[in-house]
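Each ligand, and each atom within it, is numbered from 1 in the order the structure gives.
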Amino acid sequence: MATKAAKTEKYVYSFGGGKADGNESMKNLLGGKGANLAEMAGHKDLKLPVPPGFTVTTEVCTYFYNHKKTYPKDLEKQVKNALAEVEKLMGKKFGDVKDPLLMSVRSGARRSMPGMMDTVLNIGLNDDTVKGLIAKSGDERFAYDAYRRLVMMYADVVIEKAGGMDPAKGKGIRKIMDERLEEVKKTKGVELDTELSADDLKKLVKEFKQLTKKHLKVEFPENPWDQLMGGIGAVFASWNGKRAIEYRRIERIPDEWGTAVNVQAMVFGNMGEDSCTGVAFTRNPGNGDDHFYGEYLINAQGEDVVAGIRTPAPINETSKNDHSKDLLTLEKFMPKQYKELDEYQLRLEKHYKDMQDIEFTIEKGKLFMLQCRVGKRNGVAAVKMAADMYKEKLIDADTAVMRVGPNQLVELLLPMIDPEEEKKNKPVAKGLPAGPGGAVGRVVFTSEEAVEWGLKGEKVILVREETSPEDVDGMHKSQAILTTKGGMTSHAALVARGWGKCCIVGCSDIEIHEKEKYFVTNTGKKIHEGEWLTLNGTKGVVYEGVLELTNSDLNKNESYKTLMKLVDKAKKLGVRTNADTPKDALQATYFGAEGIGLFRTEHMFYGEGSEKPLFLLRKMIMSTTVKERKAALNDLFKFVKKDIKATLEVMHGNPVTIRLLDPPLHEFVPHDKEKLQELAKELGVRMSVLNRRILALHENNPMLGHRGVRLGVSYPEITEMQARAILEAAGELQKEGKKAYPEIMIPVVMGRHELTHQNNIVEKVYAEVLEKLGLKKIDYLYGTMIETPRAALKGDSMAQVADFFSFGTNDLTQMSFGFSRDDIGGFLPKYLDLKLLPEDPFVSIDQTGVGELVRIGVEKGRSVKPKLKVGICGEHGGDPESVKFCHRLGLNYVSCSPFRVPIARLAAAQAAIEEK
Ligand code: PEP
Ligand code: MG
């Protein structure tokens, strides 16, 4: 990269005045923001009024880090030339004392990282140029306000943060200055910054400079050029700031990408009552409705909207909410400019064929477009927009399918507060619905606590006045976020929306007393740290205590149905589910499962209703003679058959893969004395005898021990009983005129001979069942799990006996890595930190290692049986990246837990489209 940057001659790309050096396709080089600024300014269909400027490329960032934080030789010259172009277009000069051009410096990575990196505004102001700004704007107060903001941002971002200074007692220069600002307001007896006079602000500028000198031992640079180069360097430095690194880790953005820097002429939304600034979306990002949606603030700068300090006003009627319903809309306030903005947003959406997030400013009645990018949206909105845009013929079917992230679908399946419960409870507060779904958790007031409690397994709700990028880790660990300030475009809302997290913002009904660790509602109710809250993020209401959550009804969601129709048309991979009960099976069919890929027979020995079968199983395990064991198995048979029959029945002839008993037997041995005594009595043996038998079952390494097919080899009666239960269940259904299609699956196999051994039992039973039921044929398949590396490598010989393979990638991962599936948590975090592993291999399949075993297994198996049916039933079957991998390997299906079925279907469709 470094040498490439050194050879590339163009580091700076200009835009503005109806043309641009770059365009939208150059995101890697110009970052998302820079590429879109170029597109908006220069594309023939757009040519929007963008304040002119230029982008310093991401390659310079890479160079910067590879060369001890220095720049390529030619950079300054290119920046100077680009600046001269801006001067020409604006008719002003940078550093001019009569009419100074002011610049902003902003970050812009390939993918948006909202608020994670730094910005410096109003660059070019000093004690001389400020006079020019006063003369030109005719507003001394405004000019000094701009100046004090520059000093503050510069000291914070460029001198302190980029300079790598560690603030004393954790109190940074920004905080020190903020406190000073508050003091001045207090002595003046005013509440808002805007109530301070020009003189107050002028004094503050001076004081801020002194504070900078005192605390940071560096002078604020008066030279505009030094300010500009300092600002550019600070943005590059912020790429490796703590927040940015943390965000990249969560969002999986590669460290190598680097950021670009956008330098742009300043326009002011705070130049008086005929100026404003706002953020808007071409459609509603909260629910997907096709309405132009946004917020704005009169006489304010962009950062004021995002910071959520004042409640923003709606741009139009459809953007109104409970908090803003009485505020003046932009449409009424400035009809001409609103109409122009509306026309631009339509043009932008048509051009980009996707929902756009727009920042705009109106300076003294003139509209400027500051930014546009593909807007973040929650899962509910993503599905609605994809379906709507497809119906509007704005996008084709494949694009619609690609528009929704598989994990976003989770939000549609999100728990909501049980409507009945909700009716019975009265909200304690109401705010803005920034992130949908229901959430229950205990109140914490700081991000650090959220992390701490979250790590202990506590469910928490982070309650704050507002959030800042420093809070991302705590926000991530929380079930939901509740803020008292801020609007739908505030930091909390943006971040929560990106993650699909339940979030309520602008909840001004409550007041936080952070030190005392409680908040109080407007009815005087106090809620302390650790107390439980329930949030309805879809409506924006807060309840005290724990309310039951339920799941939403997908069948009523027309957009979801439209999208999933397109999904099913596109996908080639089948999607089945792992289910052990008729209830789970039905749930999965509702989510679109095409069969059961894994029915774990041992399920019937755990949980509700398992008392009797478990007792019989224990009796069977503790038997010492075949005769005793057979007797116990005979009793057990009825339960097993009933269990299997019920599930086969609800699946109506769709395949049901039934795995024979897998866990090591000692798992079923009772631990409490009473149960042991009961068992001893039933078996007619003394406790000492029973204890001896239990000892004999003990395993040192149970996962690698006497389990899976080995049980069936040691105790063929177990296989026989299960095969009989399965085949009789299927045969009986057949006789009742119903369809059933069982697939008998043998677990933890290491080679063909084991399979043949078990198959002989199954075939013998099959003949007996046919005779018993008077049938000519029962449809079934006989197959194997591939869970040991050896089995994968012996795929060709296994396929001689098996009709199908199902990769049990949980055990296959465990045995390939030598990591215990139960204890990986002990060292995994360190492995991830040190990047020894890209991610948890039990979550997303290790494509080049374990995945290679799968590939070999499939290839070898199909070399013997070209039509061999192959699936996967480990947890990976519900992970989008793993599903895509399975598609590429040509598997027939993936199988996952019921709630992951829609996600797997979407991922399968996307894999098929990506392949095109
Ligand atoms: C597997 O090992 O991947 C599997 C599905 O079986 P189990 O999780 O039951 O061991
Ligand atoms: Mg397994």
Side-chain angles (χ1 to χ4, degrees), residues 575-581 584-585 588 593 595-607 647 655-668 699 701-712 722 743-750 754-755 758 783-792 795 798 802 804-824 840-847 849-851 853-854 857-858 869-879 882-883 885-886 889 891-898 900-901 904:
V575 177
R576 298 197 195 177
T577 191
N578 294 357
D580 319 315
T581 63
D584 284 357
I596 293 181
L598 177 61
F599 176 96
R600 292 176 166 105
T601 30
E602 56 270 18
H603 167 88
M604 64 180 295
F605 304 116
Y606 303 110
T647 300
V656 177
T657 311
I658 300 157
R659 179 179 72 187
L660 303 193
L661 199 64
D662 180 11
L665 293 182
H666 82 134
E667 267 191 26
F668 300 109
E699 303 255 2
N701 201 342
M703 280 300 198
L704 298 176
H706 202 171
R707 61 170 291 203
V709 66
R710 301 188 266 279
L711 296 175
Q722 294 185 92
E743 300 175 337
I744 298 173
M745 180 159 79
I746 314 295
V748 207
V749 176
M750 57 80 188
E754 282 174 325
L755 268 188
Q758 296 290 292
T784 182
M785 289 191 82
I786 306 277
E787 295 177 281
T788 67
R790 187 178 192 276
M798 305 277 282
F804 67 88
F805 287 177
S806 176
F807 285 86
T809 44
N810 302 333
D811 276 312
L812 192 58
T813 300
Q814 166 166 272
M815 289 189 229
S816 302
F817 277 89
F819 291 165
S820 159
R821 23 191 301 200
D822 298 328
D823 310 316
I824 189 176
D840 183 343
F842 289 102
V843 172
S844 198
I845 198 163
D846 160 47
Q847 299 188 9
V850 178
L853 283 169
V854 178
V858 176
K869 199 167 172 183
V870 184
I872 170 183
C873 63
E875 283 306 299
H876 305 94
D879 165 67
S882 311
V883 172
F885 179 70
C886 290
L889 287 189
L891 262 57
N892 297 88
Y893 68 87
V894 296
S895 187
C896 56
S897 66
R900 303 297 297 181
V901 167

Rounded to the nearest 0.5 Å, what separation is found between the [atom1] atom of [X] and the [atom2] atom of [Y]?
X	Y	atom1	atom2	result
D846	T809	CG	OG1	11.0 Å
L812	I786	CG	CD1	8.5 Å
I845	N810	CD1	CG	9.5 Å
L891	F885	CG	CZ	9.0 Å
M785	F807	CE	CZ	10.5 Å
M750	L755	CE	CG	9.5 Å

Partners meeting side chain to side chain donor-acceptor pair (under 3.5 Å) with R659 (sequence neighbours left out):
E602, D662
E699: which residues meet the side chain to side chain donor-acceptor pair (under 3.5 Å) condition with it, sequence neighbours left out?
none
Run through ligand 1 for me and note each protein residue having a heavy atom under 4.0 Å from it, chain first, then residue number.
L598, R600, R659, D662, R707, M785, E787, G808, T809, N810, D811, R821, C873, G874
Between E875 and R821, does any NZ, NE, NH1 or NH2 come within less than 4.0 Å of an OD or OE carboxylate oxygen?
no
The protein N, O or S atoms lying under 2.8 Å from the Mg ion (ligand 2) are E787 OE2, D811 OD2
